[in-house]
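The chain is numbered in sequence order, starting from 1.
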Amino acid sequence: MITVHINPADSQEDYLRCLNRVFGDWGDAEKYFWYFGRQTVFPNPDVLVLKNGDQLLAGSGVSYRRIRFPNGGEAVIGIMSGSWTLPEARGQGCFTRIIEESIQLTAQKGGAMLIAFVTEDNAS
């Protein structure tokens with residue numbers, strides 16, 4: 001059974017290991033902190049992982065920012081960052097589940113939308 005874990009305690013090392021496995025050399029603890037740990041004027045970032053029992057399958061971070069539209073309106077948005085799915089977990093709907101959970105997290109923090117960026121050669 002696949003379960004979702006939001007901001008799991010002591011997950012940084014495992015999360016980084018998986019990110020670096022999927023992306024080759026994503027970064028170190030300092031980069032992880034910059035994306036997912038530092039305090040800003042916006043809501044704190046969230047980290048979520050999917051597990052099957054104790055086995056990690058996929059994960060993503062959601063950072064929050066305020067944007068301004070051309071008409072002058074503003075909104076809080078969620079930005080998916082550092083998203084990954086382990087090769088052996090692909091094709092099981094993990095990324096779809098991560099997107100759905102990220103939309104809910106963004107809405108809970110008053111966000112109007114969720115955005116993400118991806119490279120054309122991204123395996124996930």
Side-chain angles (χ1 to χ4, degrees):
M1 177 176 173
I2 296 177
T3 56
V4 178
H5 304 265
I6 310 296
N7 300 316
D10 302 322
S11 66
Q12 177 181 333
E13 187 176 313
D14 289 334
Y15 195 94
L16 266 173
R17 180 179 45 78
C18 292
L19 262 174
N20 285 313
R21 180 176 169 207
V22 171
F23 292 107
D25 189 24
W26 183 86
D28 58 11
E30 184 177 335
K31 187 172 183 179
Y32 180 94
F33 177 80
W34 191 89
Y35 276 95
F36 308 121
R38 66 190 173 109
Q39 299 294 309
T40 68
V41 298
F42 305 102
N44 292 335
D46 289 305
V47 172
L48 58 129
V49 295
L50 297 185
K51 290 184 173 185
N52 186 355
D54 289 334
Q55 180 183 4
L56 286 170
L57 302 175
S60 186
V62 181
S63 299
Y64 304 94
R65 296 294 182 267
R66 180 170 295 282
I67 60 169
R68 181 171 297 162
F69 298 104
N71 67 4
E74 294 185 353
V76 172
I77 63 168
I79 306 166
M80 292 179 69
S81 304
S83 304
W84 52 271
T85 303
L86 293 177
E88 60 272 19
R90 293 187 184 137
Q92 300 177 37
C94 291
F95 195 59
T96 299
R97 179 86 181 267
I98 290 214
I99 292 169
E100 292 167 351
E101 295 290 337
S102 297
I103 289 169
Q104 289 179 19
L105 283 171
T106 299
Q108 288 171 8
K109 292 202 173 177
M113 66 180 78
L114 176 73
I115 64 171
F117 304 91
V118 64
T119 60
E120 190 172 328
D121 62 346
N122 185 321
S124 291

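- The CZ atom of F36 sits 6.0 Å away from the OG atom of S81 when rounded to the nearest 0.5 Å.
- Side chains of I77 and T106 form no contact here, defined as non-hydrogen atoms less than 4.5 Å apart.
- Side-chain contact between P45 and V62 is absent, with no heavy atoms from C-beta onward closer than 4.5 Å.
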Candidate pair I99 and E101, rule side chain to side chain contact (heavy atoms under 4.5 Å, CB included), full reasoning: CA-CA 5 Å; I99 292 169; E101 295 290 337; over 6 Å; no
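- A salt bridge links D14 to R17: at least one charged side-chain nitrogen sits closer than 4.0 Å to a carboxylate oxygen.
- Transitive grouping of hydrophobic side chains (ILVMFWY, heavy atoms separated by less than 4.5 Å) brings I67 and I79 into a common cluster.
- A centroid separation of 6.0 Å or more is found between the aromatic rings of F95 and W84.
- Minimum heavy-atom separation, L16 to G27: CD2-O, 3.6 Å.
- Within the 4.5 Å cutoff, the side chain of L48 has heavy atoms near those of the I98 side chain.
- To the nearest 0.5 Å, atoms CE (M80) and CD1 (I103) are separated by 8.5 Å.
- A distance of 13.0 Å separates OG1 of T85 from CZ of R97, quoted to the nearest 0.5 Å.
- Every pair passing side-chain hydrogen bond (donor to acceptor under 3.5 Å, both in side chains) that includes a residue from residues 64-79 is listed here, sequence neighbours excluded: D46-Y64, R68-E74.
- Between W26 atom CH2 and D28 atom CG the span is 8.5 Å, to the nearest 0.5 Å.
- Using a 4.5 Å cut-off on side-chain heavy atoms (C-beta onward), R21 and P87 make contact.
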Side chain to side chain contact (heavy atoms under 4.5 Å, CB included) assessment of L86 paired with L57: CA-CA 6 Å; L86 293 177; L57 302 175; 6.0 Å; no
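- From D25, atom CG reaches atom CG of L19 across 11.0 Å, with rounding to the nearest 0.5 Å.
- The aromatic rings of Y32 and Y15 sit perpendicular to each other, their planes meeting at more than 60°, with 30° as the lower class boundary.
- Put simply, the side chain of V49 reaches to within 4.5 Å of the side chain of P8, judged on heavy atoms.
- Residue I2 holds its CD1 atom at 6.0 Å from CG of N52, rounded to the nearest 0.5 Å.
- Atom CD of E13 is surrounded by 12 or fewer heavy atoms from other residues, nucleotides or ligands within 6.0 Å.
- When atom types are taken as modelled, the side chain of K109 and the backbone of N44 share a donor-acceptor pair closer than 3.5 angstrom.
- When side chains are defined from C-beta on, L50 does not count as touching H5, because their heavy atoms never get closer than 4.5 Å.
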